Structure formats: C-alpha cells, structure tokens
Amino acid sequence: MDISVLPLAAGQMKAKVADESQLGFGRIFTDRMLLVEWTAEQGWHNARIKPYEPFVLDPSAQVFHYAQEIFEGLKAYKWADGRVALFRPEKNARRFNLSADRLCMPELPEELFVEGIKQLVGLEQDWIPTAAGTSLYIRPAMIGVQPVLGVNPSDHYYFFVILSPVGAYYAAGFKPVSIMVEDHYVRAVPGGTGEAKTGGNYASSLKAGLEAKKKGFDQVLWLDGREQRYIEEVGAMNMFFVYGNRIVTSALNGSILSGVTRDSVLALGKKLGCTVEETKIDVNELMADIKAGKVTEAFGSGTAAVITPVGKLYYKGETVQLGGGGVGELTQKLYDTLTGIQTGALPDEFGWVTFVK
Ligand code: COI
C-alpha cells in the first residue's frame with residue numbers, strides 16, 4: 001500500500017531536547033505520525049504520514065467506552081555510521097496481530113506495519129537521540145473509533161504510530177529496582193487478555209502499582225490469577241531469576257506477555273553459555289531459594305525497560321535482597337550484549353537488526 005506524506009508546516013516543527021540526559025520516557029513526541037484507517041467496506045486504506053496532532057473523535061467512539069485498543073513498543077537506534085536500525089520489528093508486527101485477534105480487531109498486513117514504521121522513522125531520524133541509553137521509542141497502536149454505544153466490535157479503526165525520543169524507563173536509569181509481589185490484585189486470568197498487548201491490562205494494573213509505590217516499591221510482580229502462587233510478569237517487564245549459570249523465567253501460559261526482549265534474552269543467555277529454563281515458578285520456592293542464597297541475580301526485560309536489575313523483592317511482609325543490591329554480572333553482560341547489538345557496537349549474529357533506508 002502506498003503511504004502518502006502530507007506536508008509539515010514550519011509551525012508544526014518542534015524544538016528538540018538539547019540535553020539528552022533529560023529525556024525521561026514517553027513525554028516528548030516527534031513532528032510526524034503515521035495513520036491508516038480500516039472500514040468494513042474498504043479494508044485498510046488512506047495510509048498517510050501527517051503532522052503529529054490530536055485526533056478529533058466522536059465522544060461515543062468505541063475505544064472510549066469499551067477499550068477496543070491494542071499497542072506495541074519497539075525502538076530505533078542511530079548507529080555511529082549514520083544508519084538507522086530497528087530491532088526485530090517483524091516480531092512486534094506478529095504480536096500486534098495476535099493482540100488484534102484477541103480484541104476482535106482487523107488483521108494488519110505485517111508489511112504495512114514494518115514498512116509504515118520504516119518510512120516514518122526515516123523521515124523523523126533527526127529525532128533519534130544518540131547518548132548512551134537513549135533511543136527513539138516507537139508506539140504503534142490500533143483503536144476502534146465507531147461512534148456507537150452497543151457492545152460490539154467497531155466497524156472503523158485507526159492504526160497509528162507515534163515516536164518518542166527516550167532515555168531509561170525507570171527514572172533511576174540502569175540501577176536495581178525494588179519490586180513488590182502482589183498478593184491481592186491480579187493482572188490476568190486463564191482465558192483472559194493477559195497475553196494481548198491491550199490498554200485495559202495496564203489500566204487495571206494502576207491501582208496495585210500506586211499502592212506499591214506508596215509502600216516504596218517501583219512496580220508490582222504479578223502472580224497467576226488462579227492460585228496466586230506462580231510468578232507471571234511485571235506489567236512493563238518479563239522476569240528472570242539467575243541461579244549461577246542457569247537463567248529461569250516463567251513459561252508462557254496464555255496470560256503472560258510474550259516479550260520480544262524476553263525471547264532475545266533467552267537466545268543471548270544460551271549464546272553466553274548459560275542454561276535457560278522456561279518453567280512455572282512457585283513464589284514460595286523462589287523466596288526460599290533467594291533466602292538460601294541460590295538466586296544470584298534477578299532482572300526484568302522489556303522494550304522500554306531493556307534489561308533492568310531487580311535489587312529487592314517484597315512478599316507477604318518480607319523483603320529479600322538480590323544480586324547484593326547491585327547490578328549482577330550476568331545482568332550487566334546481557335544488558336551490554338543486547339544494547340551492543342541494537343546500537344551496532346557488537347555484531348548481530350542473530351540477524352535481529354533491520355535498517356531504515
Ligand atoms: C514496552 O516495553 O514497550 C512496553 O510496552 C511497556 C510499557 C507499557 C511501557
């Protein structure tokens with residue numbers, strides 16, 4: 001599908017942040033966005049790259065009431081030789097369609113997803129920050145915009161992509177975060193939408209997140225929705241526990257997000273000579289293993305969070321320390337290897353990188 005590029009008036013161009021250490025996460029947006037529409041009659045049509053601006057939507061639009069929304073997150077990096085790299089965008093395209101299917105939204109051709117992003121990022125490449133730990137965060141999303149209050153799938157959708165120059169997801173940067181194991185609220189249940197990347201999963205996580213923050217923790221670690229016994233994920237990250245040379249993460253079970261970074265960590269872990277294990281992790285056994293000193297490191301993985309060391313875990317009145325409260329050796333190695341591949345400092349032996357022309 002041809003994507004038209006609408007002109008950008010001088011007044012629609014924003015100033016870039018001069019100090020890249022002040023970027024934070026997802027607060028600044030570039031000058032342009034991608035928008036494609038879908039209707040039952042026309043399918044996907046009217047693909048255009050246009051100035052970044054607010055939508056005008058009917059107050060009855062489906063997304064405002066019944067939350068028919070899905071999204072993705074990936075990043076673009078400017079390499080030292082000037083090339084612009086994307087990391088495994090086809091994985092995001094595939095997952096986007098799995099989420100679309102779960103939310104009864106139309107399938108988006110993977111090529112349109114990837115090509116649309118490439119064209120948009122190509123036009124906006126001056127916005128890609130280059131300081132260590134920074135990148136251009138890409139946020140594709142789809143919303144149902146039909147103006148009707150009946151509870152049905154929408155007959156009109158917007159697929160759009162916005163771009164945000166970002167630094168670290170957690171304000172402290174690459175430092176250990178403290179995590180509270182949530183034993184009251186649940187994020188997902190078997191048969192629910194946990195595996196889909198849909199806004200509702202995040203809306204329903206806010207209350208637990210706020211309560212955890214009040215107690216001094218950065219985020220919550222979700223347990224399974226049936227027994228509240230098995231480790232699932234941290235909302236913005238998949239979780240990994242390191243037992244010496246063994247890396248353990250929760251097996252995908254239909255309610256855990258199948259992270260692109262998670263998948264990359266499993267491959268990199270093997271490459272670095274570790275045993276990797278995807279299994280059910282019982283929180284009580286995990287706490288006992290941590291107390292017995294068997295768990296040498298813990299970290300989370302995600303596109304936004306990259307690899308984030310976990311320094312403390314709280315569960316049922318007890319706080320345990322991980323990795324001596326600092327950044328573990330393997331966590332650091334995985335972070336350096338992953339970001340090295342993404343930024344071109346290390347060879348891409350897995351063929352994960354694709355370039356924007
Ligand atoms: C990402 O890692 O890209 C995510 O989608 C997590 C997020 C909600 C910021």
Side-chain angles (χ1 to χ4, degrees), residues 25-26 57 59-73 92 95-105 137 139-145 149-154 157-158 169-170 177-239 249-262 280-281 283 300-305 308 310 313-316:
F25 185 84
L57 289 178
S60 69
Q62 214 269 15
V63 63
F64 295 141
H65 304 272
Y66 309 126
Q68 218 187 357
E69 189 269 357
I70 59 169
F71 68 95
E72 271 301 324
N92 297 92
R95 188 173 62 185
F96 195 65
N97 277 331
L98 292 177
S99 302
D101 180 62
R102 182 64 182 81
L103 274 284
C104 298
M105 301 171 100
Y137 186 75
R139 171 52 62 87
M142 194 197 313
I143 53 175
V145 297
L149 293 183
V151 181
N152 281 303
S154 178
Y157 295 89
Y158 285 180
Y169 182 69
Y170 293 102
V177 293
S178 59
I179 301 271
M180 185 184 122
V181 180
E182 176 58 59
D183 61 1
H184 175 62
Y185 301 109
V186 295
R187 171 185 175 275
V189 290
T193 58
E195 201 174 28
K197 210 155 173 61
T198 179
N201 289 342
Y202 296 79
S204 65
S205 78
L206 295 175
K207 195 166 173 67
L210 279 185
E211 290 181 11
K213 278 214 178 82
K214 271 193 217 144
K215 293 180 187 146
F217 298 96
D218 295 300
Q219 281 213 353
V220 303
L221 175 56
W222 299 105
L223 297 176
D224 74 282
R226 188 178 284 165
E227 296 180 66
Q228 292 200 274
R229 175 170 166 197
Y230 297 102
I231 302 284
E232 297 232 314
E233 62 167 88
V234 179
M237 307 194 289
N238 293 113
M239 276 303 302
T249 193
S250 304
L252 300 178
N253 61 358
S255 58
I256 297 174
L257 196 82
S258 167
V260 177
T261 313
R262 176 188 180 281
K280 266 178 134 174
I281 304 173
V283 64
S301 75
T303 295
T308 297
V310 172
L313 207 62
Y314 171 92
Y315 179 57
K316 289 205 190 292

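We use all heavy atoms of the structure for the numbers below, so side chains are in, but hydrogens, waters and symmetry mates are not. Please read all numbers here as calculations on a predicted model, not as lab measurements.
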Chemist: Measuring only between side-chain heavy atoms, which start at C-beta, is E182 closer than 4.5 Å to H184?
Modeler: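 They are in side-chain contact.
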Chemist: Can you measure from CG (L221) to CD1 (I231) and round to the nearest 0.5 angstrom?
Modeler: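 Output value for this atom pair is 4.5 Å.
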Chemist: Start with the C-alpha gap between Q228 and D183, add the side-chain angles, then the distance that decides, and say whether side chain to side chain donor-acceptor pair (under 3.5 Å) holds.
Modeler: CA-CA 7 Å; Q228 292 200 274; D183 61 1; over 6 Å; no
Chemist: Please check if any side-chain donor atom of Y137 sits under 3.5 Å from a side-chain acceptor atom of R139, or the reverse.
Modeler: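 Yes, because at least one side-chain N or O of Y137 sits under 3.5 Å from a partner of the opposite role on R139.
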Chemist: Give the C-alpha distance, both sets of side-chain angles, the deciding distance and a yes or no for salt bridge (charged side-chain N to carboxylate O under 4.0 Å, His left out) between E233 and R187.
Modeler: CA-CA 9 Å; E233 62 167 88; R187 171 185 175 275; 3.4 Å; yes
Chemist: Just so I know, are the side chains of V283 and V181 near enough to count as touching, which here means a heavy-atom distance under 4.5 Å?
Modeler: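 Yes, their side chains come closer than 4.5 Å.
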Chemist: Is T261 reaching over with its side chain to a backbone N or O of S301, donor-acceptor style, under 3.5 angstrom?
Modeler: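 No, because the side chain of T261 does not come within donor-acceptor range (under 3.5 Å) of the backbone of S301.
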Chemist: What's the shortest heavy-atom distance between S178 and G216, and which atoms?
Modeler: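 Closest pair (atom of S178, atom of G216, distance): OG-O, 3.5 Å.
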Chemist: Is H65 reaching over with its side chain to a backbone N or O of P59, donor-acceptor style, under 3.5 angstrom?
Modeler: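 Checked: pair present.
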Chemist: Evaluate the side-chain proximity of S250 to I281: yes if any heavy-atom separation is below 4.5 Å, no if none is.
Modeler: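 Yes; the side chains approach each other to less than 4.5 Å.
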Chemist: Just so I know, are the side chains of V145 and Q62 near enough to count as touching, which here means a heavy-atom distance under 4.5 Å?
Modeler: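 No, every pair of side-chain atoms sits at 4.5 Å or beyond.
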Chemist: Looking only at atom types and distance, does a side-chain atom of N238 sit under 3.5 Å from a main-chain N or O of L257, one as donor and one as acceptor?
Modeler: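 Pair found, side chain donor or acceptor close to backbone of L257.
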Chemist: What's the separation between atom CE in M142 and atom CE in M105, rounded to the nearest 0.5 Å?
Modeler: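 Atom-to-atom, M142:CE and M105:CE are 5.0 Å apart.
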Chemist: Can you list the residues that meet the ring pair (Phe, Tyr, Trp, His ring centres under 6.0 Å) rule with F71, with sequence neighbours excluded?
Modeler: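 F71 satisfies ring pair (Phe, Tyr, Trp, His ring centres under 6.0 Å) with Y202 once adjacent residues are dropped.
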Chemist: Please confirm whether the backbone N or O of M239 pairs with a side-chain atom of T249, one donor and one acceptor, at under 3.5 Å?
Modeler: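 Yes, because the side chain of T249 sits within donor-acceptor range (under 3.5 Å) of the backbone of M239.
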Chemist: Which heavy-atom pair separates P140 from G73 by the least distance, and what is that distance?
Modeler: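 Of all heavy-atom pairs spanning P140 and G73, the closest is CD-N, 4.3 Å.
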Chemist: Are side-chain heavy atoms of T308 and Y170 found at a separation under 4.5 Å?
Modeler: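 Counting from C-beta outward, T308 and Y170 do come under 4.5 Å.
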Chemist: Would you give the length of the straight line joining atom OG of S205 to atom NZ of K207, rounded to the nearest 0.5 angstrom?
Modeler: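 Here the interatomic distance stands at 12.5 Å.
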Chemist: As an exercise, state the distance from CD of Q68 to CG of N152, rounded to the nearest 0.5 Å.
Modeler: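 Taking CD in Q68 and CG in N152, the distance rounds to 9.5 Å.
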Chemist: Is there side-chain contact between V177 and F217, with heavy atoms separated by less than 4.5 Å?
Modeler: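 No; the side chains remain at least 4.5 Å from each other.
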Chemist: Taking all atoms of both residues into account, what is the closest heavy-atom pair of R262 and A251, and its distance?
Modeler: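 Between these two residues, the closest heavy atoms are NH2-CA, 4.1 Å.
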Chemist: Can you name the nearest heavy-atom pair linking A208 to V220, along with the distance?
Modeler: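 Nearest heavy atoms, A208 then V220: O-CG1, 3.6 Å.
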Chemist: Where do A305 and A236 come nearest, in terms of heavy atoms and distance?
Modeler: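 So the minimum-distance heavy-atom pair works out to CB-O, 4.2 Å.
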Chemist: Is there a donor-acceptor pair under 3.5 Å between the side chain of Y314 and the backbone N or O of A212?
Modeler: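 A pair under 3.5 Å: no.
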Chemist: So, are R229 and D224 salt-bridged, with charged N and O less than 4.0 Å apart?
Modeler: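 Judged by the 4.0 Å cut-off on N to carboxylate O distance, R229 and D224 do not form a salt bridge.
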Chemist: Donor-acceptor check, side chain of D101 to backbone of C104, threshold 3.5 angstrom: yes or no?
Modeler: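 Side chain of D101 to backbone of C104: no pair is present.
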Chemist: What I'd like to find out is whether the side chain of F64 reaches to under 4.5 Å of the side chain of L57, using heavy atoms alone.
Modeler: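 Of all side-chain heavy-atom pairs linking L57 with F64, at least one is under 4.5 Å.
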Chemist: As a quick check of understanding, evaluate salt bridge (charged side-chain N to carboxylate O under 4.0 Å, His left out) for E72 and R95, giving each step before the final call.
Modeler: CA-CA 8 Å; E72 271 301 324; R95 188 173 62 185; 2.6 Å; yes
Chemist: Is the shortest heavy-atom distance from the side chain of L206 to the side chain of Y185 under 4.5 Å?
Modeler: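 Of all side-chain heavy-atom pairs linking Y185 with L206, none is under 4.5 Å.
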Chemist: Without hydrogens or angle criteria, can the side chains of T193 and N201 be said to hold a donor-acceptor pair below 3.5 Å?
Modeler: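 Side chains of T193 and N201: pair found under 3.5 Å.
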Chemist: What distance separates T198 OG1 from E69 CD, expressed to the nearest 0.5 Å?
Modeler: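 Interatomic distance, T198 OG1 to E69 CD, rounded to 0.5 Å: 5.5 Å.
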Chemist: Does either side chain, that of S255 or that of E232, offer a donor lying less than 3.5 Å from an acceptor on the other one?
Modeler: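 Yes, a side-chain donor-acceptor pair sits under 3.5 Å.
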Chemist: As an exercise, state the distance from CG of N97 to CD1 of I70, rounded to the nearest 0.5 Å.
Modeler: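 Interatomic distance, N97 CG to I70 CD1, rounded to 0.5 Å: 7.0 Å.
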